[in-house]
Amino acid sequence: MLRSAWRSLLHHKLRLVLSGVAIVLGVGFVVGTLIFTDTLNSTFTNLFSATTSDVVVTPNEDPAASGSGRASRNGPPLTLPADLLAQVQGVDGVAKAGGQVLADGVSIVGTDGTVLGTTGAPTFGSNWDDDQDLTPFRLTEGRGPAASGEVALDSVSAEKSGYVLGDSVSLVSPDGAMTATLVGVFRYGSSGNLAGATIAAFDTASAQQLLLGGRDEYTEIDAVASEGVSQEVLAAAVRAVIGDAATVRTGQEAADQAAADIASGLAFIDIFLLVFAGIALFVGSFIILNTFSMLVAQRSRELALLRALGATRGQIVRSLIAESFGVGLVGAVLGLGVGVAVAFGLQSLFAAIGAEIPTGGLVLLPRTIIVGLLIGVLVTVIAALAPALRASRIPPMAALRDDVAIPMRSLRLRAIAGGILLVLGLGAMTAGAMVGGGAGSQYVGVGVVAALIGAIVLSPAIAGPLVRILGFAFPRMFGTVGSLAVQNAERQPRRTAATASALMIGLALVSALTIFASSAKTSITQVIDRVVGADFLISSQTQRPFPDQVTATVATVPGVAAVSPVKIVPAEVEGQGAAVVGVDSSTFGEMVTLTFTSGSLAGLGTGGMLVDTATATGAGVGIGDPVTVRVTTGTADFTVTGLYDPAGAYSGYVVDAAALAEAGVETGASFLYVKAEPDADPTQLQEAMTAALVDYPTVQVLSQVQFREQITSSVDQLLLVMVMLLSLAILIAVLGIVNTLVLSVVERTREIGMLRAVGALRRQIRTMVVLEALVIAVYGAVIGLVLGVWFAVALQRTLIDQGIEVLDIPWLGLLLFLVLAGAVGVLAALWPAFRAGRLNVLEAISTE
Amino acid sequence: MTQDTIAASHESPTAGPAARAVELTKVYGEGETAVTALDSVSVDFGRGRFTAIMGPSGSGKSTLMHVCAGLDSATSGKVYIGDVDLTVLKDNDLTRLRRDAVGFVFQAFNLVPTLSALENITLPMDIAGRKVDQEWVDSVIDTIGLRDRLRNRPSQLSGGQQQRVAAARALASRPQIIFADEPTGNLDSRAGAEVLSFLRRSVDDHGQTIVMVTHDPTAASYADHVLFLADGQIVDTMDNPTAEGVLDRMKGFDGKGRRS
């Protein structure tokens, strides 16, 4: 029987290829995702565990600080006093120890004036230590900076910025623009890859001046053990000397901690991509299922003959399973190769949207290979199981009859089960929409999965009637050929449904995402129109706070009526970490229009605090309640004087920035609102402000419209990434249609031959096949669009509080999707249609 | 054997034969494996005549029909339907000719399973986008006697009923000639007789021209004229055949036909 399975595989090469391609793509996407995320992981792990020291001393974590000391972007970095370094150096067993200054906030401006690191990756400033044991910096050119006015750059930044040794490098520090002479270039760690981050290194005194306000302090102390002293012993010795003044970890612990932080930080990318891989695999499994169903149907007479000759049911099943195992294995092996290509593709996709991703050095773990092979083989075998079992029920006598029909179970059970699941799913989505919020979105999530599976189960039962309705115009437009096409699609509702389901899933997700993105954009636009009264918004390309001089400079530009800086300060409020918004109470009201439910803006300048209603409910505070804001440098007390409706990004605690400054907050403004004089020309004013800010290359001046566009274009970008990831599902759907049509043409060889004999032209046969594909594709698309719209509406309703206030369904876009789906169907049909047209009439009639 | 002896004699006085082959040769394969299925065959199929082609398996009788009907190409020689030379036609023109001028009845799988009996009958005209001559189709349907089964799908009809529907389809478009390839091969004798009498009636009542390939002497006895083929050549003919006569003749030339 195994020999028979093998023969059959070779005999049906074409079908093997078609179902194989589905497996290859499905496995390829899973493997590609794994390779991509493994590579990402290893790059970042390498990045943060490059330190070779044996003991790492870091400042104690402050609960008010967000993230670790050196990653904290706002507020001064946490530091260790210089005398602690002396203490560590004196510990018995310490061979040497050095202080590190490393903090975010020094941007490099390239020779062409563009700012490096505008993607949100850290832009580090650092001190330089010539001792290679104490830093991960490895000099590749020149020398380390030794005096004020000298700088060394990491190799990637040096290359990108275009500076060579001796050049005057343009930099932007928290204090403003500055220049320094490039004296050295260094590689970071072993790979030199910083994943988009930049490092500018200075001599220690300059670094402390730039980053720590001139205090003789460090952000980290690294110690190397003497010969024969273990990391653990040394850590204990250091701890014994400095007590709990700082956190002491072994080099290994610090590296492990960094790796774990990175893994959890990247987990969402992992999950995000694997969801798409899962969709691709799920969709691909329908093609495999379809292919094997058809293979079995076509070979039913052969199988019946085997049964008649004495093959047992078990042998038939085993033979088909062996066949699917073979196809699965071959497909999975090829899929591994495709996976590498997919990983490259993902890298360039992420690079294209501006996320700096390491290229080259893809990490292919044995786990990835095992998972890929297992998935390929298992999915194929499972998909082939049902057709195999059905095949084993072919009675041996069928071999002797003319028409062999595989016993088909009634569709009633499917109709009932699928219908119930679909209704439950749609109901859950609707319920989620009415509940709203976090719980609501969970209902919606479960509902989407249930509705999709329900629709897939139900689909064969409704495919017939729906195809007839969708193809109603075909007979009138294309005559007999049109009605034959519709009837062919209707004839095998299971096959039509399975073929269409790939497109259905793809379009449901794509249309839901599109509607959601369009709603988000409309909502953002409306919120900005309603809330923002400022004419211009000045912000930093690097998303770092900028110095107060910027505010002063803008204020002097003729035509500027008012400037209002906004500071975003990480703090602890009512026991919870929160970003407190510090504003200029005298001008804030002109720039932003909040809708108050109680209280007003009035008390803001006199110790008042504004809280949005949702946050207030969550924190349990109301008008008149005292609220204490804790920052790293101290505390400030406020009284709630106004409650306002949250509107998109405009939510949270709002206080006067002056009160925060009293508590020691030195953070610069994250952005400025600018109000123009009524008679000022907007274009000229914008140019004047840009010109005035020429010393601050990272700072950009945006009109209200530009600001809005910047936000909405980032929504578009995210949508594009998701749609591109989903396009794999669409590609698989196309293959599914090709597959089904080729097989159904083979199945109908005799019928097509007869049509040709009685006078159907080749063109008419081709039209018939194309129309069949068209109606199948449109059927899948229509169901997908209906589900997608329902899904998007439910999702939008649950996210009203998150600022997605408006439902905006782009009907024209959805119509375009429908047309595209039809085009995809027609495209997929071209080759099978060509084959059908070329059938030799005589051979077709005399086919056995 | 001369051209005269094998030509169907009762030709319409106003026109030439409905179809004819001139020195038709068909060779399958090439070189040493080449098989000559038709060896310079010349034959006229007279208008309004029912011609049966008989012969043992491999005699070339089906090939003769396929080539004459435009389903297969000739290696050399000419084939005409009316005045049209089939051997020079491109696929599209050949297909249109089959659609408009030729009717077919095959041994099996004649009907499109998704279409009703009526839709199958009007299929060639529907494909052509031609208006159906309702009166004529009605009279054809009445002749086959399946008026109450017109809405049924082929799978709901018996084998004999399916062949009658196929015959009705062949007739419905008023073709110049109908080719029938073993139309009763899959039927029991009673159902076969029904189909054959229907074909006979269409010749007698409507002047239809029919060419039928068969190996059954009883079927051949419904024809006006019988051609006997062996080894790709016409070896004998018979007018106004009876089943017994055909059977005798078959026995008679059986030895003679096997020349090799």
Original post:
So which heavy atom on B/Phe106 is nearest to which on A/Ala757, and how close?
Top reply: CZ-CB, 3.7 Å
Original post:
Rounded to the nearest 0.5 Å, how far does CG of B/Asp72 lie from CG of A/Asn840?
Top reply: 7.0 Å
**OP:** Starting from the C-alpha separation in whole Å, work towards a yes-or-no answer on side chain to side chain contact (heavy atoms under 4.5 Å, CB included) for A/Val841 and B/Arg98.
**Re:** CA-CA 12 Å; A/Val841 181; B/Arg98 283 203 303 270; 4.1 Å; yes
Original post:
Of all the residues in residues 127-137 of chain B, which have a heavy atom that comes within less than 4.5 Å of a heavy atom in chain A?
Top reply: B/Ile127
Original post:
Above 12 or not: heavy atoms from other molecules or residues under 6.0 Å from CG of B/Asp142?
Top reply: yes
**OP:** Against chain B, work out which of A/Ala760, A/Ser483, A/Gly753 has the most heavy-atom pairs shorter than 4.5 Å and name it.
**Re:** A/Ala760
Original post:
Between atom CE of A/Met754 and atom CG of B/Asn120, what is the distance when rounded to the nearest 0.5 Å?
Top reply: 6.5 Å
Original post:
Looking at CG of B/Leu115 and CG of A/Leu755, how far apart are the two atoms once the value is rounded to the nearest 0.5 Å?
Top reply: 8.0 Å
**OP:** May I ask you to list the residues in residues 153-184 of chain B that approach chain A closer than 4.5 angstrom, counting heavy atoms only, ordered by number?
**Re:** B/Arg169
Original post:
Going by heavy atoms in the side chains, are B/Arg99 and A/Val758 under 4.5 Å from each other?
Top reply: no
**OP:** Check whether more than 12 heavy atoms from other residues, nucleotides or ligands sit under 6.0 Å from atom CZ of A/Phe834, and answer yes or no.
**Re:** no
Subject >> Region of B/Leu97 that comes under 4.5 Å of a non-hydrogen atom in chain A >> reply: neither
Original post:
More than 12 non-hydrogen atoms from neighbouring residues, nucleotides or ligands closer than 6.0 Å to CZ on B/Arg201, yes or no?
Top reply: yes
**OP:** Considering only heavy atoms and a distance below 4.5 Å, find which of A/Glu751, A/Gln764, A/Arg762, A/Arg491 pairs most often with chain B.
**Re:** A/Arg762
Subject >> Interatomic distance, B/Thr114 atom OG1 to A/Glu490 atom CD [nearest 0.5 angstrom] >> reply: 9.0 Å
Original post:
Under 4.0 Å between a Lys/Arg side-chain N and an Asp/Glu carboxylate O for A/Arg756 and B/Asp91?
Top reply: yes
